[in-house]
Amino acid sequence: MNAFKSLSIAGAKGFLRDKAAVFFILLFPLMFLVIFGLLFRDAGTDKIKLAVVGDGPVVRALSQAGVVETQRFDSADAAVATVRAGDLPGAVIENGTNVQLRFAASDQNQSGIVNGLVSSVVDKANVAATGQQPRFTFQPSQVEDDSLNAIQYLTPGILSWAVASAGVFGAAMTFVQWRRKQVLRRLWLAPVSPATVLMSRIGVTLGIAISQAVLFVGIACLPLFGLRLAGTWWLSIPVFLFGMLAFFAIGLLIGSFAKTEEAANGAAQIVVLPMAFLSGTFFPIDRSPGWLQTVSQIFPLRHMNDGMQDFLVRGKGIEALVVPSAILIGFTLVVGFVATRVFRWDS
Amino acid sequence: MTGNGGGGDAIVVSAIRKTYGELTAVDGVSFTVAEGEFFGILGPNGAGKTTTLEIVEGLRRPDAGSVTLLGENPWPRKVKLVPRIGVQLQASAFFEKLTAREQLQTFASLYGKGTKNIDEMLDVVGLAEKANTREDKLSGGQRQRLSIACALVHDPDIVFLDEPTAALDPQARRNLWDVLREIRSRGKTIVYTTHYLDEAEALCDRVAIMDHGTILAMDTPAALVRGLDAPAHIMLDHGVLPVDDVRGFTGVDEVKDDGTTLTITTRKPAPVLSALAERGTLDGLQVRTATLEDVFLDLTGREYRA
């Protein structure tokens, strides 16, 4: 067995046998994915709920349209009372050919939607009643792939964050520990090249990143969460790899100058935490203020996030690969170069 | 010295010096270690033992002086030379959470060695039963022995051991002595540091006593002790003999009785012992001759700081 292989196996075994590491690298981010995925499952798709009384083509059309939810009431008075109390924005009372809409004008936005919606349903019912084919057909469809669904941005965001954490913490802690326990010195005295040692650590980090990806995407695809991968999801693989390398380089840099595990842990937190919050891991970055979006451009995690989202869920084409890849590669080269300059084998 | 020109010398160190800022860690150290020799570097903490070892191993470059290790300068690191030396460091350099066998397998593979002599190595250091125990579950003594096995797994010619018995309990320490003797019997050259004087006396062919970055004395333990010309102490139970009688014996330098023990100081123990034997007072008698510790205290002139 050659040195690269045996060092990689040793690293993988060390990781898998470290229960705390497995928890923080694999299960902790997964917990976020599951909790936020469930919490925000219906966020953004909050449907308007209308009270309906009676039965007829209009009420049936409203119930089946899927645009609104309906709540059935037995009497018009009860329905109107609910609207008056502010619990529902409007009540549709269908009695033969008479369709009444009683709405709360307090929320102008909603009352407008309710009015437009009900009148269009009534118009359609009128057209249908004439027995003629409608002359104009109306075909709405949205351009985004259901970007309102939380799991679609949570999955790439949390995966990128988890890969970033694993890369930064893993590399930083390993090199500090190895220096303190004199493993690095022992390796220096063995006929193994620094490049081999480095490559084996990258190999371990890559293995961990792949298990994170399979685990998170696999679970997000369950019907409970309902992630739908875009057709160009495979274009996210290069972004994923370059991102992993960029964060490994940051970890290497921290591991080069930190003297103790505590210092390395603190430095890694300072790097990863703000990035996680400001790069669109837990909420879509395009909903935050403009200045914050600009600031977040300095974080490699932002670019990994963007790239992962573009291909995993937005289905962008290969041309969208250029920017995130170039930034992540550049970042890796610069930070990696500095890290190798300041790297110490010995304390 | 056994090394007579060229082939017989595994290590030649001449006048090496190393300073860290204000501190002179090694100040003109020279010594030669012959092939197959068990060489001890003895001294208190901070004497410069570890730095000396690091320079010889090629981990650090001396500010002055030269080192020849198996005929080559170990600095800068030579990939050809490193497989011929085995190093046990002060911190046990293990890979996290691997078992004893896995540690040895990993280290063996770094040297392109197979796994065939790993069981033998575990046997030599007495860890055959702990082969599948993780490093973090081993005791201090077991870790030290595993660490030594890791230094030996690629069958090096020279083995460097930095304080292998530090912080071990007496059983573990004696246990390790057997391991070291076994390695020695395999024809390895061993250079090791310790601050245990009894240990150096028991194990080493030659000892260098170091303090403040310099070698104060270097010889076989027996020659060092002999050179000291220290008196022997003979101890008897109080009241066995009257003090004044003992003062009359040939060769007695001094007699003390503290109420528990009667102590006779002499440079000629033979006539004193025969005088005591004539009076039938050999029961419970103890003789304490000079040890390396006395040599050390004589050389450094202060309390031993181990």
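Just so it is clear: chains get the letters A, B, ... in the order the sequence lines come, proteins before strands, and each one is counted from 1. Just so it is clear, the model here is predicted, and its values are computed rather than measured.
- Using a 4.5 Å cut-off between heavy atoms, A:L184 makes no contact with chain B at all.
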Please determine whether side-chain contact (heavy atoms from CB on, under 4.5 Å) holds for the pair B:F107 and A:R186, giving the CA-CA distance in whole Å, both sets of side-chain angles, and the decisive distance to 0.1 Å.
CA-CA 9 Å; B:F107 278 112; A:R186 184 66 185 74; 3.4 Å; yes

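- Judged by distance alone, the side chain of B:R77 and the main-chain N or O of A:W188 form a donor-acceptor pair under 3.5 Å.
- Closest approach of A:Q182 to B:L89, counting heavy atoms only: OE1-CB, 3.0 Å.
- At a heavy-atom cut-off of under 4.5 Å, chain A is reached by B:E135, B:C150 from residues 135-150 of chain B, listed in order of number.
- In this structure, chain A has a heavy atom under 4.5 Å from the backbone of B:S92, while its side chain stays farther away.
- With hydrogens and angles disregarded, no donor-acceptor distance shorter than 3.5 Å links the side chain of B:E96 to the backbone of A:G14.
- Heavy atoms closer than 4.5 Å to chain B are found nowhere in A:W345, neither backbone nor side chain.
- Counting heavy-atom neighbours within 6.0 Å of A:F4 CZ, excluding the residue itself, gives a total above 12.
- Electrostatic pairing of B:E102 and A:R17 counts as a salt bridge here, judged by a charged N lying under 4.0 Å from a carboxylate O.
- In this structure, A:D346 and B:E54 have side chains that are not in contact, with every pair of non-hydrogen atoms separated by 4.5 Å or more.
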Is there a side-chain contact (heavy atoms from CB on, under 4.5 Å) between A:L7 and B:L110? Walk through the geometry before answering.
CA-CA 8 Å; A:L7 282 174; B:L110 297 183; 3.8 Å; yes

